[in-house]
Each structure stands twice: as structure tokens, then as C-alpha cells.
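Please read the structure below before turning to the comments.
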There are 2 protein chains.
Amino acid sequence: METETATNWLSDDEQCAWRTYLDVNRMLTYQMEKDLQPFGLTNNDYEILVNLSESADKRMRMSDLAAATLQSKSRLSHQITRMENAGLVRRENCESDRRGLFAVLTEQGTATMEKVAPHHVASVRRHFIDLLSSEALADLRESLGPVAEHLRGHRGKI
Amino acid sequence: METETATNWLSDDEQCAWRTYLDVNRMLTYQMEKDLQPFGLTNNDYEILVNLSESADKRMRMSDLAAATLQSKSRLSHQITRMENAGLVRRENCESDRRGLFAVLTEQGTATMEKVAPHHVASVRRHFIDLLSSEALADLRESLGPVAEHLRGHRGKI
DNA sequence: CTCACTTGGTTCAGAATTCAACTTCTTAGG
DNA sequence: CCTAAGAAGTTGAATTCTGAACCAAGTGAG
């Protein structure tokens, strides 16, 4: 009794698209990281700074931040500890739920953001945005949007 | 004397495209990793297996493999050691350059590839390829190709 | 009320990654 | 030749990440 169905391999075009996507992905991450390095930040640090700086009162609950950045609670906890030591954020108790903690952007964290953001944007432009026509960009949004939706609804499920 | 030029911030559309791209990136990586987990492989393992299995004689020089996967020599060395312990690859001396080493796919490595690949392809389809129309896919190839080119030419430079 | 269950977060141990030596071999210049 | 510079890999220590165990605080059914 054969329950296996024949594998639906990728066509050449599909294969090519997928690999290109992966390549861009990997190289872009690498390049962003390199471009942040002079400021002593990692991609991860930066992402957290962005999240915090865009939140009301520049603060977020640990678990929300973990969810937003798709990190485990454990990893985020370590990460925030490091950033706390670097003076970028601090932890603050949550009144309404005494189990909870906020990660809060410090003055220095805000200042860092303001200093680094322009360079980061320039980097994003140089290595991505400015290499795409505005139509290409629109297409990208439209086609990747549903993929993002799909993945969001998936969270760990098979 | 003001040498700063005004920051060319991202427009809403650009911002949205960029964030969508980042989100898909992160969630997709996460999902691929999850889907490989039952087979005891990481994305990294899999990528190396793919590279080796597509190479002549199922072997690659360590440095070429490092370059192909954008890892440091050190990291690759550790990685190969682990995979060697798992029986997936072995190291072999290089005749022509006695400093050099090949990473070679073992029988077991090949078998693992054959077993896992169909599931991996299915995963790629489910979470990416099949969510895009063939036009969207073609557009993606066309617009991301030059980005990949640009990044390839960049390798660490600012 | 209270006992089980969930949630929010940390901690610890083990695994992976980085970074800076270090070894060996190759190559090019004089 | 011989030597200095560079390339191929490895190693080890320090850092980061993962996963499970844990604690403390909220939730809710009986």
C-alpha cells in the first residue's frame, strides 16, 4: 500500500525565484548587520529600539515585544538585560499586572535611535528600496502581503 | 559648517513594502526551521546539504562552502564538525592543495537529503510559492535579481 | 474560598556563534 | 633558494541562543 504521493518539485522558474529570494534575504541581513556595526548595534537591537520608539510612552510589555519580534521569552529576556546594561532600555514594573514588566526606552536609547536611524534608512535605500522601481515595490507589497498574512496565522503550527 | 544632508526618509509605501518584506523574511525563516525540526535538521544544515548534493562528487572545499553559505570559516568549521558527528558529511584531504579540505556528503547524508527534500519542497510551496501567482513570481525574480546582484558585488564593503 | 490551570517572566545548563589567535601550506619577490 | 606575505582551516574563550524547569501572580470552576 503506497501512501506517498509523488513530490511536486519546483519548476525552474519557481526554483529560481525561491533561490533569489533566499539569497537576497541572507545577503541583505548580512549587509544591514554590517552597516549597523559601527554604531555598536545588531539588527536585533535595532529592531527592538524601533518597536519601543514607536510605542506609546516608548514602552512595551516583555511578551508583546517578544511576539512582535518573534523571539522566545527567554531570548528577549537576555537581550533586554544586555541592552539594559548598555543603557538603552530599562525594565519597569507593571501596575495592573504584577507579574508583568515593561521594557522602556531610556533617554540614551532615544538619542541612539535618533542618531542611527538616518544611517539605517540610507542603508535600506542603498541596498534595497532604491534598487526597485515604484511599480516593483507596489507589486512586492501586494504579493508579499498575503504571504505575511498566511504566516502570521500560522505561528508554529505545521 | 553643516555637512549633514536632510535624511531621505521612506515614504509610507516604501516603509510598508520594507516592513512586509522583513516580516515575511522573519516568519518564513522561522517556519522553515520548524518544518525541518522533526527531521533533526536546522536551516543551516539543510542549506549545506543542498550545496553539497548539487556539487560534482558531492563535495566542496570548505572555503567555497563558507562563501556559498555566507558563513565565517570558523562557523562553518564547527558546523561541519557537528554534521560529521551526525554522520551526514565527512572531511577529506585535498590532493592539489595540502592546506585544503573537502566537505563530502556521506551515503547517510545523501539518504537524509532524499528523505527530507520532498517535505522541504512541500513546506516551501505551502508557505511561499503556492501563495504567489506565476506573474507575481516572475515579477519577484525580475525585481529581486538585480538586488541580489548588487549585494553580491558588495560583500562587506560599506 | 480554594485548588487546579494558565500567564508573564526569569534562570540555568547545554548548544551554537563570534572573534581572535594560531598552524600549516602556498606563492611571489628578490 | 629563501623569505615575507597571504590563504586555508582549526581551535579555544567569550558571547549569544535555545529549551526546559522554575517562580510568582492572575483566572476560573466548583
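Throughout, protein chains are lettered first and strands after them, A, B, ... in sequence-line order, and every chain is numbered starting at 1.
- Listed by chain and residue number, A:D23, B:E47 satisfy the salt bridge (charged side-chain N to carboxylate O under 4.0 Å, His left out) test with A:R26 (two or more places apart in sequence, or in another chain).
- Residues from residues 39-48 of chain B lying near DNA chain C, meaning a heavy-atom separation below 4.0 Å, are B:N44 in numerical order.
- We find that CG of A:N93 is positioned 15 Å from P of D:dA24, with the value rounded to whole Å.
- As judged by a 4.0 angstrom heavy-atom cut-off over every strand, B:Q79 is placed among residues touching the sugar-phosphate backbone only.
- The separation between A:E33 atom CD and D:dT16 atom P is 12 Å, rounded to whole Å.
- Side-chain atoms of A:D139 do not come within 3.5 Å of backbone N or O of B:A136 as any donor-acceptor pair.
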TODO: Summarise protein proximity over nucleotides 4-15 of chain C in one line of letters, 5' to 3': B for base, S for sugar-phosphate only, - for none, counting protein heavy atoms closer than 4.0 Å.
DONE: ---BBBBBB---
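- Remark: side-chain polar atoms of B:D57 are not paired, donor with acceptor, to backbone N or O of B:R59 under 3.5 angstrom.
- Look at CD on A:Q71: it is 10 Å from C1' on D:dC17, rounded to the nearest Å.
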Open item on the list: Test salt bridge (charged side-chain N to carboxylate O under 4.0 Å, His left out) on B:E54 and A:R19; report intermediate values, then the result.
Closed with: CA-CA 14 Å; B:E54 288 177 353; A:R19 299 229 168 168; 2.8 Å; yes
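- As rounded to whole Å, 15 Å separates atom C1' of D:dG9 from atom CE of B:M60.
- The distance from atom CG of B:L65 to atom P of D:dT10 is 11 Å, rounded to the nearest whole Å.
- In this structure, B:E84 places its CD atom 10 Å from P of D:dT11, rounding to the nearest Å.
- Within 6.0 Å of the CG atom in B:N85, the count of heavy atoms belonging to other residues, nucleotides or ligands exceeds 12.
- Within the 3.5 Å criterion, the main-chain N or O of A:Y21 finds no donor-acceptor partner in the side chain of B:R141.
- For residues 110-120 of chain B, the set of pairs meeting the salt bridge (charged side-chain N to carboxylate O under 4.0 Å, His left out) definition, not counting sequence neighbours, is empty.
- With sequence neighbours excluded, no residue satisfies salt bridge (charged side-chain N to carboxylate O under 4.0 Å, His left out) with B:D45.
- As rounded to whole Å, 14 Å separates atom C1' of D:dT16 from atom CG of A:N85.
- When the P atom of C:dT18 is taken as reference, atom CD of A:Q37 falls 11 Å away, rounded to whole Å.
- Sorted by first then second residue, the salt bridge (charged side-chain N to carboxylate O under 4.0 Å, His left out) pairs that include residues 65-89 of chain A, not counting sequence neighbours, are A:E84-A:R91.
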